[in-house]
Number of protein chains: 2
Amino acid sequence: MKKIITQVGEKLRANEYKLTPQRQIILEVMLENKDKHLSAEDVYILVKRKAPDIGLATVYRTLELFLEHEIVHSVNFGDGRKRYEYGDSTEGHHHHHAICLRCGKILEINEDLLEELEKQVSKDYGFTVLDHELKIFGHCSECK
Amino acid sequence: MKKIITQVGEKLRANEYKLTPQRQIILEVMLENKDKHLSAEDVYILVKRKAPDIGLATVYRTLELFLEHEIVHSVNFGDGRKRYEYGDSTEGHHHHHAICLRCGKILEINEDLLEELEKQVSKDYGFTVLDHELKIFGHCSECK
DNA sequence: CTAGCTGCAAAAGATTTGCACCTCG
DNA sequence: CGAGGTGCAAATCTTTTGCAGCTAG
């Protein structure tokens, strides 16, 4: 994990940004909560435990910064808040989400069977595909 | 269109809801703007032209009511507001969206090549798929 | 040093809610 | 008539912004 923090620091510095203690702590929290789809507020609460003086605005600003630098990516489950997850969505190891409409549980789907569809779309619409996001709605094994 | 309005009226009445003039006008606007991804505010502006006395709260309440009764469905493009479109997403004629990251244009993708993936997901995760939503990000033919 | 950061509080947007009055069925 | 609807304004919730002081490099 130390290594990742150093890498991120370099990535930011290469773009004239600084790796402040606050940013480092937010990064740690994101790393400790992979696959958790944290909202800005969630991150704020977790970060507060390590650094009580941090401000909510800093969390928002940092997450947006990380988003631009593809350190995190975001998903929107339609519940009125943006959620963030560690990892670059353009690196190809993006997963999809299956959302249970009864219990609200979110499963990670790690298969990527969309290549065919992407090819089709670039052919038919002249669209260069950079990323995709798939949400599947239904009932999980426990709820049906 | 008259026919659709009557059908919706019956659907609502069957559930103890009323088809008021306001709701009817909102429905008309949705029908006249299929495939347009209107935000609540967009709908409000369009509805105002036909019925200037309508309130924004009514538009919100009505769209949520239509959503529950599967008269409209909603999409979220991550721009901080919910968008609505006429049509039931569970009927199978859902389309997908290709979003251009340069000009913001949204293309409708009408192919449905996700059946394979859905089968895979029900097999591997015991998840009953009811609906899905796919967004593709990239550059459209004009922007690349 | 100084451009970039931070915390705080205020502002901005989107959506929801309380309430007194109105209306569909 | 009465349950459900409506408009309005106020309230709520998430996210953004202005600003004076702070700090990484």
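Just so you know, these numbers use all the heavy atoms, side chains as well, and skip hydrogens, waters and symmetry mates. We name chains A, B, ... by the order of the sequence lines, and we start the count at 1 in each one.
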**OP:** For the pair B:His132 and B:His96, name the ring-plane relationship: parallel under 30°, tilted 30 to 60°, perpendicular over 60°.
**Re:**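 Judged by the thresholds at 30° and 60°, the geometry between B:His132 and B:His96 is tilted.
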**OP:** Identify, with sequence neighbours excluded, every residue that meets side-chain hydrogen bond (donor to acceptor under 3.5 Å, both in side chains) alongside A:Ser39.
**Re:**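 For A:Ser39 the side-chain hydrogen bond (donor to acceptor under 3.5 Å, both in side chains) partners, ignoring immediate neighbours, are A:Asp42.
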Residues two or more places apart in sequence or in another chain: which of them pass side chain to side chain contact (heavy atoms under 4.5 Å, CB included) with [X]?
| X | value |
| --- | --- |
| B:Asp53 | none |
| A:Tyr44 | A:Glu41, A:Lys48, A:Ile54, A:Leu56, A:Val59 |
| A:Lys34 | A:Leu31, A:Tyr86 |

[N] [atom2] sits how many Å from [X] [atom1], rounded?
| X | N | atom1 | atom2 | value |
| --- | --- | --- | --- | --- |
| A:Asp42 | D:dC13 | CG | C1' | 14 Å |
| B:Leu63 | D:dT6 | CG | C1' | 15 Å |
| A:Ile45 | D:dC13 | CD1 | C1' | 14 Å |
| A:Leu19 | D:dT23 | CG | P | 16 Å |
| B:Glu16 | D:dG2 | CD | C1' | 13 Å |

Might you list the N or O atoms of the protein lying below 3.5 Å from N or O atoms in nucleotides 14-21 of chain D, with each pair's distance?
{"from": "D:dT14", "atom 1": "OP1", "to": "A:Arg81", "atom 2": "NH1", "distance (Å)": "3.1"}
{"from": "D:dT15", "atom 1": "OP1", "to": "A:Lys82", "atom 2": "N", "distance (Å)": "2.9"}
{"from": "D:dT15", "atom 1": "OP2", "to": "A:Tyr60", "atom 2": "OH", "distance (Å)": "2.5"}
{"from": "D:dT15", "atom 1": "O5'", "to": "A:Tyr60", "atom 2": "OH", "distance (Å)": "3.3"}
{"from": "D:dG18", "atom 1": "O6", "to": "A:Arg61", "atom 2": "NH1", "distance (Å)": "3.3"}

With a 3.5 Å cut-off and sequence neighbours excluded, list the donor-acceptor pairs that the side chains of residues 18-28 of chain A form with protein atoms.
{"from": "A:Thr20", "atom 1": "OG1", "to": "A:Arg23", "atom 2": "N", "distance (Å)": "3.2"}
{"from": "A:Arg23", "atom 1": "NH1", "to": "A:Lys18", "atom 2": "O", "distance (Å)": "2.7"}
{"from": "A:Glu28", "atom 1": "OE1", "to": "A:Lys50", "atom 2": "NZ", "distance (Å)": "3.3"}

Original post:
So which pairs with a foot in residues 58-68 of chain B pass salt bridge (Lys or Arg N to Asp or Glu O under 4.0 Å), sequence neighbours left out?
Top reply: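 Checked against salt bridge (Lys or Arg N to Asp or Glu O under 4.0 Å) - neighbours excluded - the pairs reaching residues 58-68 of chain B are B:Glu64-B:Lys82.
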Original post:
Tell me, which pairs form a salt bridge (Lys or Arg N to Asp or Glu O under 4.0 Å) where one or both residues lie in residues 132-142 of chain A, sequence neighbours left out?
Top reply: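 Matches after skipping sequence neighbours: A:Lys105-A:Glu142, A:Glu133-A:Lys135, A:Glu133-B:Lys135, A:Lys135-B:Glu133.
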**OP:** Please report how far the helix from C:dC1-D:dG25 to C:dG25-D:dC1 bends, comparing the axis fitted to its first five pairs with the axis fitted to its last five, to the nearest 10 degrees.
**Re:**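 Roughly 50° between the end axes, to the nearest 10°.
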Original post:
Using a heavy-atom distance cut-off of less than 4.0 Å, which residues of residues 22-29 of chain B contact DNA chain D?
Top reply: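 Those residues whose heavy atoms fall under 4.0 Å from DNA chain D, taken from residues 22-29 of chain B in numerical order, are B:Gln22, B:Arg23.
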Original post:
Hey, mind stepping through B:Leu65 and B:Tyr17 against side chain to side chain contact (heavy atoms under 4.5 Å, CB included) and telling me if it holds?
Top reply: CA-CA 9 Å; B:Leu65 180 76; B:Tyr17 289 107; 3.9 Å; yes
Original post:
So where does chain B start and stop touching DNA chain C, 5' to 3', when the test is distance under 4.0 Å to a non-hydrogen atom?
Top reply: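 The protein-touched segment is C:dA14 to C:dG25.
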**OP:** Rounded to the nearest 0.5 Å, what's the gap from CD1 on B:Ile109 to CD on A:Gln120? Could you check?
**Re:**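 Reported value, rounded in 0.5 Å steps: 10.0 Å.
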**OP:** Could you tell me which non-hydrogen atom of B:Cys140 sits nearest to which non-hydrogen atom of B:Cys100, and how far apart they are?
**Re:**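 Between these two residues, the closest heavy atoms are N-SG, 3.4 Å.
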**OP:** Please report the shortest heavy-atom distance between A:Val72 and A:Leu67, naming the atom on each side.
**Re:**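 Answer, listing the atom of A:Val72 first, then A:Leu67: O-CD1, 3.5 Å.
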Original post:
In terms of the nearest nucleotide of DNA chain C, which residue is placed more toward the 5' end: A:Tyr44 or B:Pro21?
Top reply: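 The residue whose closest nucleotide sits nearer the 5' end is A:Tyr44.
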Subject >> Residues in ring-ring contact (aromatic ring centres under 6.0 Å, His included) contact with A:His139, at least two apart in sequence or another chain >> reply: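 Applying ring-ring contact (aromatic ring centres under 6.0 Å, His included) to A:His139 gives none.
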Original post:
For D:dG4, does either OP1 or OP2 sit under 4.0 Å from a side-chain N or O belonging to B:Thr20?
Top reply: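 B:Thr20 to D:dG4 OP1/OP2: no side-chain N or O under 4.0 Å.
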